[in-house]
Amino acid sequence: MPEALTDAYARCRDLHRRHGRSYYLATRLLPAWKRPHVHALYGFARHADEIVDSTDPVPVAERARRLRDFADRCTAGLRGAPVDDPILPAVLHTAAVFALDPADFTAFFDSMAMDLTVSRYADYPALLSYMEGSAAVIGTLMLPLLEPADPASAREPARQLGLAFQLTNFLRDVAEDLARDRVYLPQQDLARFGVTPADLYDAAARRRATAPIKALIGYEVERARAHYAAAVPGLSLLPGASGTCVRAAYALYAAILDEIGRADHDVFARRAVVPAYRRATLLTRTLLT
């Protein structure tokens, strides 16, 4: 394997290990030869996310330029052109090995670009439109790596699991997203529970949610659980280690919702994190079943 490709896979693995703890743990259940490809997809998505959400004081126009450049290099690479990039060789190699759909990459970049200009979503369909590229396509990109028995039947559950994971992240990271002036809770839902964006900022400053905010978060938790439920039919279609891996990721991410519930849906008092002992218990239970 060329040095540039080896280095790219190593960078992706490091990004995955540092930023995707639960997902990284689940990936360890896959055969060794498949793990680098999962790392590649995670590292690719994380790198794009870091361009958009860089903590450096980079103007939006410059972030947009960097994202366009990354997207253009990726598109060219998918068409067979050589690329000079620390991350892309790994994901392009993975895309070639598993014949990944270039349209999924296009949808992903479209959603990443939205993060530079869109900070509010009127209703859940509007948020779903964003999550189509930022979450659902991650599920469909992963699917060929998992080798389901019936790829066509597994596609929609894979999309649903991607949506479930991202909505879980949104609920866990409400305060973090507010710091970037983003609200991924639909405005229609805020109004339904009598919550304003100003109420959210005030709760973040006080590190304490009000009763209406807790009710809102509880509502969104049930919405996320519905996506998890819609993903269940796909689990039985995944063979051997693939099924074990995805069931573990499912359990670890769904447990974040449990932690939010244990905190009485106060996502401002502390970040919902699954304790190490519970992660170990969930992984053990997955292996045994």
Side-chain angles (χ1 to χ4, degrees), residues 9-10 12-43 45-46 94 135 138-139 141-150 153-154 157-173 217-218 220-267 269-289:
Y9 272 115
C12 290
R13 183 185 66 245
D14 186 55
L15 284 169
H16 196 177
R17 179 181 57 81
R18 287 190 287 119
H19 299 287
R21 182 167 51 184
S22 295
Y23 190 19
Y24 185 82
L25 282 173
T27 301
R28 304 302 297 169
L29 300 173
L30 288 173
W33 74 269
K34 280 191 178 183
R35 295 174 203 158
H37 298 297
V38 180
H39 299 329
L41 289 177
Y42 184 95
R46 180 71 195 190
T94 293
I138 301 301
L141 283 170
M142 274 290 300
L143 202 55
L145 281 66
L146 299 172
E147 300 180 297
D150 183 349
S153 297
R159 292 181 67 262
Q160 291 295 326
L161 193 56
L163 296 172
F165 285 174
Q166 179 149 78
L167 193 51
T168 300
N169 285 340
F170 286 161
L171 294 172
R172 181 194 61 194
D173 298 336
I217 297 299
E220 303 298 351
V221 164
E222 292 310 310
R223 175 173 269 160
R225 291 195 190 281
H227 286 296
Y228 281 104
V232 167
L235 299 179
S236 62
L237 299 174
L238 301 176
S242 291
T244 303
C245 170
V246 175
R247 284 194 297 274
Y250 184 110
L252 290 167
Y253 261 87
I256 296 173
L257 298 182
D258 296 337
E259 293 301 316
I260 292 174
R262 286 191 179 93
D264 192 26
H265 300 104
D266 189 344
V267 293
R270 64 175 179 84
R271 193 171 192 261
V273 176
V274 182
Y277 76 87
R278 187 152 188 253
R279 291 201 305 272
T281 299
L282 291 169
L283 285 171
T284 301
R285 186 180 301 160
T286 300
L287 288 170
L288 291 176
T289 57

Do the side-chain N and O atoms of [X] and [Y] include a donor-acceptor pair separated by under 3.5 angstrom?
X	Y	answer
Thr94	Tyr9	yes
Thr168	Tyr228	yes
Tyr24	His19	no

Is the side chain of Tyr42 donor-acceptor paired with the backbone N or O of Cys12 at a distance under 3.5 Å, no angle test?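 Pair absent, no side-chain N/O of Tyr42 close to backbone of Cys12.
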Of the non-hydrogen atoms in [X] and [Y], which two are nearest, and what is the gap between them?
X	Y	value
Leu41	Leu141	CD1-O, 3.9 Å
Ala135	Gly162	CB-O, 3.3 Å
His227	Ala164	CB-CB, 3.7 Å
Leu30	Arg35	O-NE, 2.9 Å
Leu257	Val221	CD1-O, 4.1 Å
Leu143	Ala158	CD1-CB, 4.0 Å

For residues Arg271 and Asp173, determine if any side-chain heavy atom of one lies less than 4.5 Å from a side-chain heavy atom of the other.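 Sidechains of Asp173 and Arg271: in contact.
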Can you find a pair of side-chain heavy atoms, one from Leu252 and one from Arg279, that are under 4.5 Å apart?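 A side-chain contact exists here, since the closest heavy-atom pair is under 4.5 Å.
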Considering only NZ, NE, NH1 and NH2 on the basic side and carboxylate oxygens on the acidic side, decide whether Arg278 and Glu259 come within less than 4.0 Å.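 The answer is yes: the pair qualifies as a salt bridge.
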Between Asp14 and Arg46, does any NZ, NE, NH1 or NH2 come within less than 4.0 Å of an OD or OE carboxylate oxygen?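 A salt bridge is absent here (no side-chain N lies under 4.0 Å from a carboxylate O).
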Over 12 non-hydrogen atoms of neighbours within 6.0 angstrom of CZ in Arg270: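 Yes, enclosed.
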Counting only heavy atoms not in Arg13, do more than 12 sit closer than 6.0 Å to its CZ atom?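 At most 12 heavy atoms, drawn from other residues, nucleotides or ligands, come within 6.0 Å of this atom.
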Return the [atom1] to [atom2] distance between [X] and [Y], rounded to the nearest 0.5 Å.
X	Y	atom1	atom2	answer
Arg247	Thr286	CZ	OG1	7.5 Å
Lys34	Ser242	NZ	OG	3.5 Å
Ile138	Phe165	CD1	CZ	12.0 Å

Could you walk me through whether Ser22 and Val274 pass the side-chain contact (heavy atoms from CB on, under 4.5 Å) test, one step at a time? CA-CA 9 Å; Ser22 295; Val274 182; 5.7 Å; no
Stepwise side-chain contact (heavy atoms from CB on, under 4.5 Å) check, Thr27 with His39: CA-CA 8 Å; Thr27 301; His39 299 329; 3.9 Å; yes
Show your reasoning for whether side-chain contact (heavy atoms from CB on, under 4.5 Å) applies to Arg21 and Val273. CA-CA 11 Å; Arg21 182 167 51 184; Val273 176; 3.5 Å; yes
What's the verdict on side-chain contact (heavy atoms from CB on, under 4.5 Å) for Tyr23 and Val38, showing C-alpha distance, side-chain angles and the deciding distance? CA-CA 10 Å; Tyr23 190 19; Val38 180; 3.5 Å; yes
